[in-house]
Amino acid sequence: MDVQLPLDVMAIQHLLPHRYPFLLVDRVTEFEANKRVVGIKNVTINEPFFQGHFPGHPVMPGVLVIEALAQTGGILTQLSHKSEANGKLFYLVKIDGAKFTR
């Protein structure tokens with residue numbers, strides 16, 4: 001499939017149902033159908049979750065990192081299977097053994 005890169009947030013909103021504040025992909029810079037996608041989330045110190053996670057040592061919560069990965073995977077699915085995926089919602093339902101060590 002021919003995809004015009006990079007995809008901006010407006011194009012991403014045509015592929016995913018998520019919206020602010022829970023849309024966690026701002027741009028897609030690379031795509032290979034059925035193989036890989038590279039998404040970018042712009043994060044600043046002004047994000048509200050940094051106030052409590054953790055004060056003085058801001059860390060993006062792991063659950064939000066996983067959600068951003070899931071949304072990026074949803075973009076891969078939508079772009080790779082555009083005709084079959086049209087109008088369907090896809091869910092990431094399980095992750096086993098996720099660890100954030102650094």
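No experiment lies behind these values; they were computed from the predicted model shown.
In the hydrophobic clustering of ILVMFWY residues, with side-chain heavy atoms under 4.5 Å counting as a link, Leu69 and Phe49 come out together. Linking Ile, Leu, Val, Met, Phe, Trp and Tyr whenever their side-chain heavy atoms come within less than 4.5 Å leaves Val37 and Leu92 in two separate clusters. By the criterion of side-chain heavy atoms lying less than 4.5 angstrom apart, applied directly or through intervening Ile, Leu, Val, Met, Phe, Trp or Tyr residues, Phe90 is not grouped with Leu15; the two fall into different hydrophobic clusters. When the side chains of ILVMFWY residues are joined at heavy-atom separations under 4.5 Å, either directly or via intervening members, Leu79 and Ile12 end up in a single hydrophobic cluster. Residues Ile95 and Ile75 are members of separate hydrophobic clusters, defined by side-chain heavy-atom contacts under 4.5 angstrom among Ile, Leu, Val, Met, Phe, Trp and Tyr.
Taken from CG in Leu7 to CZ in Arg27, the straight-line distance is 11.0 Å, to the nearest 0.5 Å.
One N or O on the side chain of Gln71 and one on the backbone of Phe22 form a donor-acceptor pair closer than 3.5 Å. For Asp26 (side chain) and Val9 (main-chain N/O), no donor-acceptor pair under 3.5 Å exists by modelled atom type. At least one donor-acceptor pair closer than 3.5 Å links the side chain of Arg19 to the backbone N or O of Leu16. A donor-acceptor pair under 3.5 Å is formed between the side chain of Ser80 and the backbone N or O of Asn34.
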Side-chain donor-acceptor contacts of residues 52-66 below 3.5 Å, not counting sequence neighbours, with atom names and distances?
| residue | atom | partner | partner atom | Å |
| --- | --- | --- | --- | --- |
| His53 | ND1 | Val59 | O | 2.8 |

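In the displayed structure, Gln51 atom CD is contacted under 6.0 Å by at most 12 heavy atoms of other residues, nucleotides or ligands. No more than 12 heavy atoms of other residues, nucleotides or ligands lie within 6.0 Å of CD in Gln4, so this atom counts as exposed by the packing criterion.
Counting heavy atoms from C-beta on, the side chains of Ile40 and Val25 never come closer than 4.5 Å.
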